[in-house]
Amino acid sequence: MIPEIAAGSITSYAGGQLGQDSIRVGTAVRARGLVPNVHLTCVGQDRQTIEKTLVTLQALEMYNIFSISGDWPKAAMRTAVFDIDSVQLAAHIAETRARTGTPFFISCAVSPFKYQREDLLYQYLKLEKKIAAGADMAITQVGWDATKFVELKKYLDERGIKTPVLGNVFVLSRRAAERMNTGNPPGCWASDELVAALRKESEAADGGLQGRLERAAKSVAILKGIGYAGAYIGGTHDAKHITQIIRRAGELAPRWEEIFDELQFGKKDGFYLYKRDPQPKPTRTFLPTVMDATAKVLPFVPWSKNVKDSPMRRLFQGAFRWLDRHPRLSHWFERFEYYGKKEVFGCQNCGNCVLGSMEYVCPQTCPKQMRNGPCGGTFHGACEVIDQECIWVKVMARAEASHAIEQLKVYIPPPDRRLTGTASWLNFYLGRDSRPGRPKDLWKSGAGPGRTVPIDEDEQLKTAGPSAADQALAARSPKPAAGGAAGAGKPAGAAPAAKAGGEMRQAG
Ligand code: SF4
């Protein structure tokens, strides 16, 4: 009935609540004549479960997927399954698309509404990674700051990125704004000024409804004026409201610049990329300086960003091969490596060390175990899950201080979880681990479920012993094919698959 509507998005795990099954709801939505855009999160799903979901979507001819990390599950307390991250998810869907010819259309999320310097820079960098991984479209987080909408558009334009972006327009009630003012749900934020405006608005006879709808209509008009591909309207389930927003936005669109300042509810002392920076630039610290220096002098070490074949590297490989043949010795080496790295980096013995690609911050110290950048759930640079600064703030600060931000764009593949509890140095030199430039295809080979280690209970992470892990690995690994390593995946940093096209896929 409303021809401007291209699709209906079906949320999953919004705010960390279990909610309804998004595929089931998507099927019902499609039966009513609307194209479903199904949210697929990384919450509570290992690789095999995600693979099964993709097969189901394929069979149902539901091709539009919103690929996101997802909020921390409310019921899970301090532990939850996060086997892969949203960049790895987008890469895998794109790879499935290329391999099977299924016309999946992948959307991804981005939040320009981050006001902490490193947090924001990483949001944009991660968006680039998602697009390189195969995402066809981006959808922003909710926000009421027109300058930030412009900032994101400018960032993409400057880099020649033509990927369409939808701006999120949420019909915000006073109560929802008050919650968002405290950072709930994760990643959503409403400023004090916006809350005050909504409180005043809610005193009207209609409880502020018309004011809310008018603000949403203005947001849509401004997005159109800035050059967004469309709006992603939420916060109301009433078709009459949606119609009113769209019609009114059409009326307001020609004078979007006049109303631009009515959508300025940002953070006054917050970071804006194209404005004077109120926050001090990060400086180099001791640990990354030492690690970078050693990697420069000894380019064959596991944390080197530029590992090359050399006589020294072959010598080390020989030594580790010998160590690997002596289970007791390699077990002690694993203990030595683990306890050393635990003290310095908070190592949790994942066996697939990517410290060198993450400015010497361990990805396992992120509760969601992201390897390619932060999720959208941070609150002014703080972690959504535990009381600590987001680890990605430190990664970005170190990279910026070393003028190495570009290096963070490398695609980090999912870890081989069968290696948990084994020595990562050994895995590195013997070519067993999954790392940038050497990803393993772990989607069909029974890589085991992902898990999040309780952050302060890493003592529970007793090694299974290298011999047991190695035996399991040897039994499961396919024989290497002639001319290449078995299970070799796509090259790091490369766009993993061809794009499916430029518009939402109409099912059936
Ligand atoms: S081996 Fe894994 S858990 Fe340990 S420091 Fe490296 S990335 Fe972190």
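Just so you know, these numbers come straight off a predicted model, no measurement behind them. Order of appearance sets the numbers: ligands from 1, and atoms from 1 within every ligand.
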> Among all protein non-hydrogen atoms, which one is nearest to atom 8 (Fe) of ligand 1, and what is the separation to 0.1 Å?
Replying inline: Cys362 SG, 2.3 Å
> Any idea which protein heavy atom is nearest atom 7 (S) of ligand 1, and the distance to it?
Replying inline: Pro363 CD, 3.5 Å
> With under 30° as parallel and over 60° as perpendicular, where do the rings of His39 and Phe66 fit, or are they tilted in between?
Replying inline: perpendicular
> Which of the atoms of ligand 1 are close to Val354, meaning less than 4.0 Å from one of its heavy atoms?
Replying inline: 7 (S)
> Does the gap between the ring centers of Phe320 and Phe333 come in under 6.0 Å?
Replying inline: yes
> Between Lys154 and Glu151, is a salt bridge (Lys or Arg N to Asp or Glu O under 4.0 Å) present by the stated rule, with each step listed?
Replying inline: CA-CA 5 Å; Lys154 190 171 169 187; Glu151 182 185 90; over 6 Å; no
> So His326 and Trp322, would you call those rings parallel, tilted or perpendicular, with 30° and 60° as cut-offs?
Replying inline: tilted
> Which ligand 1 atoms does Asn349 reach within 4.0 Å, using its non-hydrogen atoms?
Replying inline: 3 (S), 4 (Fe)
>> Walk me through whether Asn349 and Glu334 qualify under side chain to side chain donor-acceptor pair (under 3.5 Å).
In response: CA-CA 9 Å; Asn349 231 0; Glu334 177 273 318; 2.8 Å; yes
>> Can you tell me how the ring of Phe300 sits relative to the ring of Phe316, calling it parallel under 30°, perpendicular over 60° and tilted otherwise?
In response: tilted
> Among protein heavy atoms, which lies nearest atom 4 (Fe) of ligand 1, and at what distance?
Replying inline: Cys347 SG, 2.3 Å
>> Under 2.8 Å from atom 6 (Fe) of ligand 1, can any N, O or S atom of Cys353 be found?
In response: yes
> Which is it for Glu337 and Lys341 under the salt bridge (Lys or Arg N to Asp or Glu O under 4.0 Å) test, yes or no, and what are the steps along the way?
Replying inline: CA-CA 6 Å; Glu337 181 193 327; Lys341 281 163 63 177; 2.7 Å; yes
> Under a 4.0 Å heavy-atom limit, does Thr365 contact ligand 1 with its side chain, its backbone, both, or neither?
Replying inline: neither
> At a 4.0 Å threshold, what atoms of ligand 1 neighbour a non-hydrogen atom of Gln364?
Replying inline: 3 (S)
> Would you say Cys350 has an N, O or S atom lying under 2.8 Å from atom 8 (Fe) of ligand 1?
Replying inline: no
>> Counting non-hydrogen protein atoms only, what is the nearest one to atom 3 (S) of ligand 1? Give residue, atom name and distance.
In response: Gln348 N, 3.1 Å
